[in-house]
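Reading through the structure tokens given below for one structure.
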Amino acid sequence: MKKVKKAIIPAAGYGTRNLPITKVLPKEMFPIGGKPAIQYIVEEAVDAGIEEILIVVSRNKNMILDYFDRSLELETFLEKTNKLHLLEKASIPNIHIQYIRQPYAEGLGDAVALGKLFVKNEPFAVILPDDIFLCRRKVALAQLIETYNEHHSSVIGLQKVKPELLKNYGVIKGEKLKGRQYQITDIVEKPENSPPSDLAVTGRYIFNPTIFTYLEKLEQGVGGEIQLTDAIKDLLAEENCIGMCIAGDRYDIGSDTDYLKLMNRVKKKYSN
Ligand code: G1P
């Protein structure tokens, strides 16, 4: 069986929840303890054994490309001024990253569909950079990959969410398999009423490449967008799909409260 070595990071959204700052600063570049949010995501991918990343960007996200690029100017300056040791502080994860632009903001499903040529015929991860996980043992993605290696079917990262917040998420219906694993039987994007459970989709997925056949057939869903959740719903009619409750604390950096909580937590870690 093929190993999960590739990951798609959709980072093309406008960040409307965080306006006005997102007019000039992509949410993925929000600083957390001196590093941008997306670096935590890339480091998680590296820790989980991912070898190649595709970041889906849009016109106003060039800062992300600049960040993961070398800055020869800076390196020359630090060398000249005998401060090369400071470069370690500026070091970026050593992993192959490619980029693709999403021309129209047509939704998460559309962004993931752009990764078809990158993925080829391999299983792959999707990591949403809004959701940052701090986990005690294994990073969130490694927990999903472990489950994938057991079942070889798509795996969706879940967490229990307060009932009044479920309308902001994809929500699954499922039967408990064992431990943290669920057999998913249905999924609904942002249910307005009667969510099928309190288990929300939390920004970490592993898919077999068959997901692209479902993505390609999709029409606009909730919010007039091509929804990844709708492709998962179609997949459920044909294939097995496992839900895995991620062990760890999740911070949605699009929420001011979560962002502040995360900053505080990282600050504590650094000052200890
Ligand atoms: C997306 C997905 C949703 C998922 C959420 C997790 O929604 O469509 O199913 O629960 O991410 O963060 P968004 O937050 O982009 O509206």
Side-chain angles (χ1 to χ4, degrees), residues 7-19 22 26-28 30 37-38 40-41 44 55-58 61 102 104-115 125-134 140-141 143-144 154-174 182 184 186-192 195-207 211 214-215 218-236 241-246 248-259 261-262:
I8 299 179
I9 304 178
Y14 284 114
T16 47
R17 277 191 293 165
N18 302 91
L19 282 167
T22 41
K27 191 167 41 181
E28 297 79 15
F30 283 6
I38 197 161
Y40 287 81
I41 300 294
E44 177 184 330
I55 306 185
V56 184
V57 290
S58 51
K61 304 280 179 134
Q102 185 186 26
Y104 304 102
E106 305 234 51
L108 180 58
D110 179 63
V112 173
L114 290 172
V126 173
I127 319 178
L128 305 190
D130 274 12
D131 286 331
I132 297 209
F133 281 91
L134 296 186
L141 192 62
Q143 297 178 36
L144 262 76
S154 294
V155 183
I156 315 290
L158 306 170
Q159 270 200 339
K160 286 199 173 172
V161 158
K162 285 185 194 143
E164 64 273 21
L165 297 177
L166 286 165
K167 61 175 185 311
N168 302 319
Y169 294 91
V171 182
I172 67 121
K173 184 175 174 186
Y182 290 79
I184 302 184
D186 199 5
I187 188 165
V188 191
E189 181 67 10
K190 306 200 169 77
E192 272 305 329
S197 72
D198 60 353
L199 291 169
V201 176
T202 57
R204 299 291 183 278
Y205 312 76
I206 308 288
F207 292 114
I211 190 72
Y214 307 105
L215 281 169
L218 283 187
E219 289 177 8
Q220 290 177 346
V222 173
E225 295 189 345
I226 305 288
Q227 295 289 353
L228 181 58
T229 299
D230 293 342
I232 299 169
K233 198 179 169 76
D234 292 346
L235 176 144
L236 283 173
C241 183
I242 307 291
M244 219 279 309
C245 250
I246 296 172
D249 299 327
R250 182 176 62 92
Y251 298 87
D252 169 7
I253 56 154
S255 133
D256 290 342
T257 336
D258 269 21
Y259 179 60
K261 274 192 206 159
L262 177 59

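Just so you know, these numbers come straight off a predicted model, no measurement behind them. All ligand and atom numbering here is 1-based and tracks the order in the structure.
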Write 'none' if nothing qualifies; otherwise put on separate lines each N/O atom of ligand 1 with a protein N/O atom under 3.5 Å away and their distance to 0.1 Å.
residue	atom	partner	partner atom	Å
ligand 1	7 (O)	Lys190	NZ	3.4
ligand 1	8 (O)	Glu189	OE1	3.4
ligand 1	8 (O)	Glu189	OE2	2.7
ligand 1	9 (O)	Gly170	N	3.1
ligand 1	9 (O)	Glu189	OE1	2.7
ligand 1	9 (O)	Thr229	OG1	3.4
ligand 1	10 (O)	Gly170	N	2.9
ligand 1	10 (O)	Val201	O	2.6
ligand 1	12 (O)	Asp131	OD2	2.9
ligand 1	16 (O)	Lys190	NZ	2.7

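- Taking 4.5 Å as the limit, some side-chain heavy atom of Leu218 sits within range of a side-chain heavy atom of Asp234.
- For Val188, the side-chain contact (heavy atoms from CB on, under 4.5 Å) test picks out Pro191, Pro196, with sequence neighbours left out.
- The shortest non-hydrogen separation linking Val171 to Ser197 is CG1-O, 3.3 Å.
- Asp256 is linked by a side chain to side chain donor-acceptor pair (under 3.5 Å) to nothing, counting only residues two or more places apart in sequence or in another chain.
- For Asp252, the side-chain contact (heavy atoms from CB on, under 4.5 Å) partners at least two apart in sequence or on another chain are Arg17, Asp130, Asp131, Arg250, Ser255, Asp258.
- Using a 4.5 Å heavy-atom cutoff, the side chains of Tyr169 and Leu158 are not in contact.
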